[in-house]
Amino acid sequence: MNNDTALGLSASIADRLAHPGTAPPTVSTQAARQHLALGPIGIALLHIERAAAGLGPWQRAHDWLAAATRRPFTSGADSHPFYGAPALAHVLACAAEGLPGAYARELALLDRRIFDDVQRRLDDAHRRVDAGQLPALAEFDAIRGLTGFGGYLLRRDPAGPALQSILDYCVRLTEPLTHQGDTLPGWWTLSGPSGRPDDQFPGGHSNTGMAHGVGSVLALLALCARRGTKVSGHSQALRTILAWLDHWATATTHDGTWPYWVTRDELRTGQLAPAGPRRPSWCYGTAGIARAQQLAALALGDPTRRAVAENAFLNALTDPEQLWATTDTGLCHGFAGLAHITGRAAADAAPETANQLRAVLPDLLATLLPPGSKPEDAGTALIDGAPGAGLLDGAAGIGLGLLSTSGTAPPRTHWDAFLLVA
């Protein structure tokens, strides 16, 4: 897929979702109204980025936001970075980047709510550590937890006390805890990957992913360090997570990969259970973890680790077994997200590797537009298909991924801050 075709498919998705009143019947402004991943604010984000890039009218974004905000948004304990007031704040912050001064009053109100919620969550987390208890995934992950809030604060208040406190917490999260005689990393959780008790994970697990695991902690620490926001113990916390990932790295036909998680039995034996090829996506797998390691290497000034991370990323994109395991199209665990992260990684990679990464992009994008099909038809099929129109798995996210990989300019609005990849 060339740049013009990618832009054409993104435009066809945006045109089909031009207005909440004319969107397909399957796209409801009330169902999942407050969800960034599924609802109208995620669709608004596509229009915000397109308008900021001069590819569409701002009115489309305003219309979707108006449809979503006819009723109040949830804040406090029942909200998180992908739901309620924090999710809306992310979208409005993106709009304000494209239209300086827009939504200033609304953002000020939302920021105060978020600061209060972050402090409450931090107080709970530190009480939990003081009691020697293990965390829930939702305490720290990118979707529901403190690293997700940290990604927002890094944009809104990078030198403020709230982000500093989150980073102090992230450092503390890397300190080991003892449970039932086992010394565990501080991010070990007693649940399964869903965040709920799971008989398949007796004794819990250490999650390595970007969406729900320690990959998000590594990425946030690295992003903040690169922008000059650091706390005591910051570099050591980065190295602690990297050492864990080094220990559990596995070899493939091409190069190293990392497991989605480590179970209690695997920890005790020191050996991973056999597993087939796994997709190299954002949420889990080599792409997200390699990007987090690349960012950490840049933050630490470690060219050797940077080369390892970039080579692992490139090899994942050219390993047929890992690509065959990738069957979705969306941002979270599909080809649009893989292409987007590839573009972000290429922008920071060594020149030769950067060129190799960019050379793979057309093949990744081609999976989104079957040979011989028209962008208009493909856009309709994506919206009407099972994933729907939403941001994380559906057409709006695909439209955004196509935009960011169809040219050399990075996103105008930092819409991808919620992914913790830049």
Original post:
Would you say the side chains of Arg305 and Gln293 form a donor-acceptor pair under 3.5 Å?
Top reply: yes
**OP:** Compute whether any side-chain donor of one residue and acceptor of the other, for Asp168 and Gln164, lie under 3.5 angstrom apart.
**Re:** no
Original post:
Got a sec, which residues hit side chain to side chain contact (heavy atoms under 4.5 Å, CB included) with Leu38, two or more places apart in sequence or on another chain?
Top reply: Ala32, His35
Original post:
What's the shortest heavy-atom distance between Arg344 and Pro410, and which atoms?
Top reply: NH1-CB, 3.7 Å
Original post:
Charged N to carboxylate O below 4.0 Å: is that the case for Arg239 and Asp246?
Top reply: no
Original post:
Is a side-chain donor-acceptor pair under 3.5 Å present for Arg60 with His19?
Top reply: no
**OP:** Could you tell me whether a side-chain N or O of His212 sits under 3.5 Å from a main-chain N or O of Pro193, the two making a donor and an acceptor?
**Re:** no
Original post:
Hey, is Arg144 close enough to Asp141 for a salt bridge, meaning N to O under 4.0 Å?
Top reply: yes
**OP:** Answer yes or no: is there a side-chain heavy-atom contact under 4.5 Å between Leu36 and Tyr83?
**Re:** no
**OP:** Compare every heavy atom of Leu173 with every heavy atom of Val217, then report the nearest pair and how far apart it is.
**Re:** CG2-CD2, 3.9 Å
**OP:** Go through Asp157 and Leu163 one step at a time and tell me if the side-chain contact (heavy atoms from CB on, under 4.5 Å) criterion holds.
**Re:** CA-CA 7 Å; Asp157 192 18; Leu163 180 57; over 6 Å; no
Original post:
Does one side chain, of Glu139 or Tyr169, offer a donor that lies under 3.5 Å from an acceptor on the other?
Top reply: yes
Subject >> Rounded distance [0.5 Å steps], OG1 in Thr405 versus CG in Leu364 >> reply: 8.5 Å
**OP:** Search all heavy atoms of Ala89 against all heavy atoms of Leu107 and return the closest pair with its distance.
**Re:** O-CD2, 3.6 Å
**OP:** Compare every heavy atom of Ala85 with every heavy atom of Ser79, then report the nearest pair and how far apart it is.
**Re:** CB-N, 4.4 Å
Original post:
So, Asp416 versus His414: side-chain donor-acceptor pair below 3.5 Å or not?
Top reply: no
**OP:** Among residues two or more places apart or on two chains, list those pairs meeting salt bridge (Lys or Arg N to Asp or Glu O under 4.0 Å) that have a residue in residues 209-228.
**Re:** Arg226-Asp348
**OP:** Return the set of residues passing salt bridge (charged side-chain N to carboxylate O under 4.0 Å, His left out) with Glu310 (not counting sequence neighbours), or none when no residue passes.
**Re:** Arg306
Subject >> Pairwise ring pair (Phe, Tyr, Trp, His ring centres under 6.0 Å) hits with a residue in residues 135-158, at least two apart >> reply: none
Original post:
Side chains of Thr74 and Gln34: is there a donor and an acceptor less than 3.5 Å apart?
Top reply: yes
Original post:
Would you call Arg128-Asp124 a salt bridge at under 4.0 Å N-O?
Top reply: no
**OP:** Please collect all ring pair (Phe, Tyr, Trp, His ring centres under 6.0 Å) contacts where either partner lies in residues 262-291, sequence neighbours excluded, each pair once.
**Re:** Tyr260-Tyr284, Trp261-Tyr284
Original post:
Strictly by modelled atom types, are His179 and Arg264 linked by a side-chain donor-acceptor pair under 3.5 Å?
Top reply: yes
Subject >> Under-4.0 Å salt bridge between Glu97 and Arg412 >> reply: no
Original post:
Do any pairs count as a side-chain hydrogen bond (donor to acceptor under 3.5 Å, both in side chains) and have a residue in residues 387-396, sequence neighbours left out, and if so which ones?
Top reply: none
**OP:** Keeping the roles fixed (side chain from Arg279, backbone from Ala325), state whether a donor-acceptor pair exists under 3.5 Å.
**Re:** no
Original post:
Of all residues at least two apart in sequence or in a different chain, which pass the side chain to side chain contact (heavy atoms under 4.5 Å, CB included) check with Glu106?
Top reply: Leu92, Tyr103
Taking only distance into account, with no hydrogens and no angle test, what donor-acceptor pairs under 3.5 Å do side-chain atoms of residues 374-387 form with protein atoms, sequence neighbours excluded?
{"unit_1": "Thr380", "atom_1": "OG1", "unit_2": "Glu376", "atom_2": "O", "d": "3.1"}
{"unit_1": "Asp384", "atom_1": "OD2", "unit_2": "Arg16", "atom_2": "NH1", "d": "3.4"}

Original post:
Do Leu177 and Trp187 come within less than 4.5 Å of each other through their side chains, counting heavy atoms only?
Top reply: no
**OP:** Using ring-ring contact (aromatic ring centres under 6.0 Å, His included) as the criterion, list what pairs up with Trp248, not counting sequence neighbours.
**Re:** Trp244
Subject >> Pairs flagged by ring pair (Phe, Tyr, Trp, His ring centres under 6.0 Å) wherever residues 301-356 is involved - sequence neighbours left out >> reply: His340-Trp415
**OP:** Begin with the C-alpha distance, continue with both residues' side-chain angles, and end with the deciding distance and a verdict on side-chain contact (heavy atoms from CB on, under 4.5 Å) for Ile398 and Leu402.
**Re:** CA-CA 6 Å; Ile398 292 170; Leu402 288 164; 3.9 Å; yes
Original post:
With sequence neighbours left out, what residues match Arg112 under side chain to side chain contact (heavy atoms under 4.5 Å, CB included)?
Top reply: Ala108, Leu109
Original post:
Residues two or more places apart in sequence or in another chain: which of them pass side chain to side chain contact (heavy atoms under 4.5 Å, CB included) with Ser216?
Top reply: Ala142, Thr147, Leu420
